[in-house]
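Numbering of ligands and ligand atoms starts at 1, following listing order.
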Amino acid sequence: MKEFIDLRSDTVTKPTAGMRKAMAAAEVGDDVYGEDPTINALQEKVAQMLGKERAVFVPSGTMANQLSIKAHTQPGDEVIIDASSHAYNFEGGAGAVLSGVQFFCLPGTRGILKVSQVEEAIRPIDAHFPVTRLICLENTHNRGGGSVYPIKNMSEIFKLAKSRGLLVHLDGARLWNASAASGIKPGEYAQRADSVSVCLSKGLGAPVGSLVAGSAAFIDRVHRFRKMFGGGMRQAGILAAAGIYALDHHLEKLKATHDQAKRLAFGLSGCRGVSIDPGQIETNIIIFDVTHSGKTSALVAAAMKEKGVLIHASGKTQIRLVTHIDISDNDIDKALKAFKQVFH
Ligand code: TLP
């Protein structure tokens, strides 16, 4: 099979030899009985990293977010969320189907909400209105171009939520990236939310797995719904071992992937017809527009594929690139050379 430089997503990272060794050696048990020692160790580790009472292992980031929404809400409740967020746009409409909630979508700036926007969206207590129950934030923000939530905004929104009896869920699929970029510990961000979902399968090499963290009572509810949604797994310690390995060995590699993203963005800014502001690159995601090149993103993606580089056409004229630990500095040079040829 032809080896591509795969910049479509950081979900494409593969287990390393060390990770596979850890997986093969993992002690396992039946996790539906709570008897998988490796899963239990991962759950304790993540709960501790996030400063929460407990955490529970689930198959995917989507399930982690949707279990959190389910456990926080009642059907008919309203969830305040940025309009470009993952939980609203890219989870198959699950909030409506599985939890019966409706979303109040706000126009964030690169996915980031201001407390004043959130405050205005909270419904008055009146029989005409839905009940506002939950605020969902995403850090880093995927469609926001890997933007890091300023801790100040998170603090203000959490404070507002508490003063109005509301809950906050943080989609932290790439919280590790936020932390690597800002130097703020994951637990500091997590303190500003009632629940947090984190992923091991984005940029860290683990093949599968996410966790939801929160209070013990909340995790009891999540655990119950995990079974209901079909997410109860058995000897999945093999997967949890990959997660533990990723947290121990791969978190420290994220910062370098941010530097790669900046380098890619600077290179792209010199390409004809590409609209990009390299100064906006904060982590490992780059989103840019190709309208002025006269090409569609699909056409650019096809031309890049010919040259051995996979990219994601995220809109008619919009392209997303994601750097990750399986990309070398040499790959970045090669990708830039290919872009220069395509946008000659
Ligand atoms: N994002 C993926 C897929 O949507 C394609 C990607 O390539 O970026 N929250 C955020 C912020 C995410 O970016 C993702 C995945 C998820 C949740 C869902 O995780 P999974 O794919 O494990 O269900």
Side-chain angles (χ1 to χ4, degrees), residues 6-14 46 56-70 79 81-95 97-98 103 108 110-113 136-149 154 168-181 186 189-190 193 195-213 222 226 229-231 233 236 239-240 242-243 246 254 257 261 282-287 297 301 310-315 318-327:
D6 196 343
L7 295 169
R8 288 171 303 168
S9 180
D10 49 6
T11 57
V12 301
T13 53
K14 291 182 182 157
V46 169
V56 65
F57 188 53
V58 302
S60 69
T62 299
M63 191 181 278
N65 282 337
Q66 296 304 325
L67 285 171
S68 302
I69 292 173
K70 179 77 179 167
V79 177
I81 197 162
D82 163 71
S84 62
S85 64
H86 198 279
Y88 173 62
N89 290 285
F90 305 111
E91 299 186 6
V97 178
L98 302 175
F103 289 99
R110 303 186 70 230
I112 310 297
L113 299 176
C136 284
L137 309 178
E138 188 177 313
N139 192 13
T140 65
H141 202 288
N142 182 345
R143 279 311 187 108
S147 48
V148 178
Y149 235 101
M154 286 193 67
V168 176
H169 171 68
L170 174 61
D171 176 349
R174 295 187 181 82
L175 190 62
W176 319 117
N177 284 285
S179 202
Y189 287 116
S195 60
V196 189
S197 56
V198 289
C199 291
L200 305 164
S201 59
K202 279 157 208 85
L204 295 182
V208 176
S210 292
L211 291 102
V212 182
V222 168
R226 184 186 72 170
F229 289 3
M233 296 182 284
L239 302 174
L254 292 179
T257 70
E282 294 178 74
T283 57
N284 63 329
I285 301 182
I286 302 159
I287 295 180
S297 55
L310 301 180
I311 62 173
H312 176 48
S314 51
Q318 191 192 65
I319 289 171
R320 186 188 76 162
L321 308 177
V322 189
T323 54
H324 53 77
I325 59 176
D326 290 351
I327 294 289

How long is the straight-line distance from CG of Asn177 back to CG of Leu204, given to the nearest 0.5 Å? 7.5 Å
Between Asp171 and Asn139, do the side chains contain a donor N or O and an acceptor N or O under 3.5 Å apart? no
Between Asn284 and Arg174, is any side-chain donor less than 3.5 angstrom from a side-chain acceptor? no
So do the side chains of Leu170 and Met154 get within less than 4.5 Å of each other, counting heavy atoms only? yes
Atom 9 (N) of ligand 1 has as its nearest protein heavy atom Asp171 OD2, 2.7 Å
With heavy-atom distances below 4.0 Å as the criterion, list the atoms of ligand 1 near Ser60. 22 (O), 23 (O)
Atom indices of ligand 1, in the order listed, that fall short of 4.0 Å to a heavy atom of Arg320: 6 (C), 7 (O), 8 (O)
Considering the heavy atoms of Gly61, write down every atom of ligand 1 situated less than 4.0 Å from one of them. 18 (C), 19 (O), 20 (P), 22 (O), 23 (O)
Should we count CZ of Phe103 as having more than 12 external heavy atoms under 6.0 Å? yes
With only distance considered, is Ser201 within less than 3.5 Å of ligand 1 through an N or O on each side? no
Atom 1 (N) of ligand 1: closest protein heavy atom, distance to 0.1 Å, is His86 NE2, 3.2 Å
With heavy atoms and a 4.0 Å threshold, my read on which part of His141 contacts ligand 1 is neither
Do any heavy atoms of Arg8 fall under 4.0 Å from ligand 1? no
Which of the atoms in ligand 1, numbered in the order shown and given with their element, are less than 4.0 Å from a heavy-atom of Glu138? 11 (C)
Under 4.0 Å from atom 12 (C) of ligand 1, is there at least one protein heavy atom? yes
Pick one: which of Leu211, Val208, Leu239 meets side chain to side chain contact (heavy atoms under 4.5 Å, CB included) with Leu200? Leu211
Ion pair Asp82/Arg143, N-O distance below 4.0 Å: no
Qualifying residue, where the test is side chain to side chain donor-acceptor pair (under 3.5 Å) with Asn65 and the options are Ser195, Ser85, Ser197: Ser197
Would you mind listing which atoms of ligand 1 come within a distance below 4.0 Å of any non-hydrogen atom of Glu91? 17 (C)
Pair His86-Glu138, side-chain donor/acceptor within less than 3.5 Å: no
Numbered atoms of ligand 1 (with element) below 4.0 Å of Thr62, judged on heavy atoms: 18 (C), 19 (O), 20 (P), 23 (O)
For the atom pair SG (Cys136) and CD1 (Ile69), what is the distance rounded to the nearest 0.5 Å? 4.5 Å
Heavy-atom nearest neighbour in the protein, as seen from atom 7 (O) of ligand 1, with distance rounded to 0.1 Å: Ser9 OG, 2.7 Å
Those atoms of ligand 1 less than 4.0 Å from some heavy atom in Asn65: 9 (N), 17 (C)
Closest non-hydrogen protein atom to atom 19 (O) of ligand 1, residue and atom name please, with distance? Lys202 NZ, 3.1 Å
